[in-house]
Protein chains: 2
Amino acid sequence: MREKLEKYFSFVFEKELLDEIVQVGVYKKLRENEVLVDLGDKMKGVPLLLEGAIKIVREDKKGEEILLYFLERGDTCASSFASAISNGKCGIRAIAEKESEIIFLPKEKLDEWLVKYKSWRNFVIESYNIRLNEMMETIDSLAFMKMNERLYKYLTDKAQIMRETSLNTTHQDIAYDLHTSRVVVSRLLKQLENEGKIKLHRNKIEVLEF
Amino acid sequence: MREKLEKYFSFVFEKELLDEIVQVGVYKKLRENEVLVDLGDKMKGVPLLLEGAIKIVREDKKGEEILLYFLERGDTCASSFASAISNGKCGIRAIAEKESEIIFLPKEKLDEWLVKYKSWRNFVIESYNIRLNEMMETIDSLAFMKMNERLYKYLTDKAQIMRETSLNTTHQDIAYDLHTSRVVVSRLLKQLENEGKIKLHRNKIEVLEF
DNA sequence: TAGCTTATGTGATATTAATCACAAAATAAT
DNA sequence: ATTATTTTGTGATTAATATCACATAAGCTA
């Protein structure tokens, strides 16, 4: 744990803070598709992502979904931070897109560290900032882009996050993430294939251009 | 200034912090439609909103706009907080929807206060939290609602924020905020009027139901 | 009051996306 | 190998929204 923690966080956190994290943090391995946070959960801490990729999804009353953004190593979940500190509920769902490793930080420490460590304050503010910007990007996509553009952005973003140009996914899964229908996704994917940007297989999509 | 500050913030901030704010904060009055923050600005501090209403808008490269959310008294702009602390650029535009009063807090103090005052830490985290939730609401609207619902939500939200059931606005202005066309807004407004939810006048819309 | 400017109303048409209905192919299960 | 299940492909239809092209109305200005 210490090893991986240092790999991604030694330039972010002070040595004393790293020590504390090793002491109180709880290491956890997530298997693919494991739900880390669910709608309405009250968080008892925040996760630091050491390895892997986590998908953050919003769901409305009718059970309709939309992807908000992905987390990758070095990230944390700003939404659960707020939920943990204020004892409020979390408005999102977090699902491991692939096998991932996290360190769970107990909420008792979160405020204490804000006082003690400048690096922690920076990290928290920076995390919120990144998340706000991701949300804005999502809003940009929804407001300004058409479905074919959103789809292509989704595929390239996901390839980046997964560090893999070959994505194992179905058209239906994509439709859930983009909140549209499978038929629409299939047709637009075929279009992208004709434009030479991707290559389609069953349960698999290769992203050719970036 | 002290008076208004105490009115909305005495239950939020510790007395010592209120004292400091009075000392270093810069009071400013904004006239209607004044631009407080513009795209790409580097913030030298953060505004506390004492009175009025401020519209936060996102703009893409092509100059197309969409409303993100409104700020009301007691709020602060989380986006400029991050920008101020990290010396980064602000991705939004903030415009006074009506005459407003703010206190501008210099960025030098922001981090210092995180260490000194628990109430400040709470306020900052809480502000980020509120803003993340507003962004999620915006995403919900864009992803899950049709234009007529978005329009009605816009009108009722705005009436709330402005503390006024009678809104002085044109169809074109609304179209900009919702990122659609004036024609569409006019037609849907007429529909809402027929449903008895609003009453239309030139340059004015009365919201009848909430 | 006549002319100008801004705001609103409305038909016609085009585009995008949603929905239905079913066929065909690939894979998994028995 | 046969059957069942999952995934993908595709035509037809409908609904929502965007766009164009004017008409009308309301308020301002000279």
Nucleotide D:dT17, atom P - distance to CE of A:Met147 in whole Å: 13 Å
5′-ward residue of the pair A:Arg202/A:Lys190 relative to DNA chain D: A:Arg202
Salt bridge B:Glu6-B:Arg2, side-chain N to carboxylate O under 4.0 Å: yes
Whole-Å distance separating the CG atom of A:Asp173 from the P atom of D:dT6: 13 Å
Residue B:Arg187, side-chain atoms from C-beta onward, closest of D:dT17, C:dA12, D:dG9: C:dA12
Nucleotide of D:dT10, C:dA7, C:dG9 approaching B:Asn203 most closely (side-chain heavy atoms): C:dA7
Sugar-phosphate, base or nothing in reach of B:Ser181, heavy atoms under 4.0 Å: base
Listed nucleotide nearest any side-chain atom of B:His171, set D:dT8, C:dT8, C:dT19: C:dT8
Parallel, tilted or perpendicular, as decided by the 30° and 60° cut-offs, for the rings of A:Tyr128 and B:Tyr128: parallel
B:Leu188 CG to D:dA15 C1', straight-line distance once rounded to whole Å: 13 Å
Rounded distance in Å - CD (B:Gln172) to C1' (C:dT5): 15 Å
Atom-pair distance (CG on A:Leu151; P on C:dT16), nearest Å: 15 Å
Phosphate OP1/OP2 of C:dA18 contacted by A:Thr180 side-chain N/O (<4.0 Å): yes
Residue B:Lys146, side-chain heavy atoms: nucleotide from C:dG9, D:dG9, D:dT17 that is nearest: D:dT17
For atom CD of A:Glu193 and atom P of D:dT10, their distance in whole Å: 10 Å
Of B:Lys204 and A:Met145, the one whose closest DNA chain C nucleotide lies more 5': B:Lys204
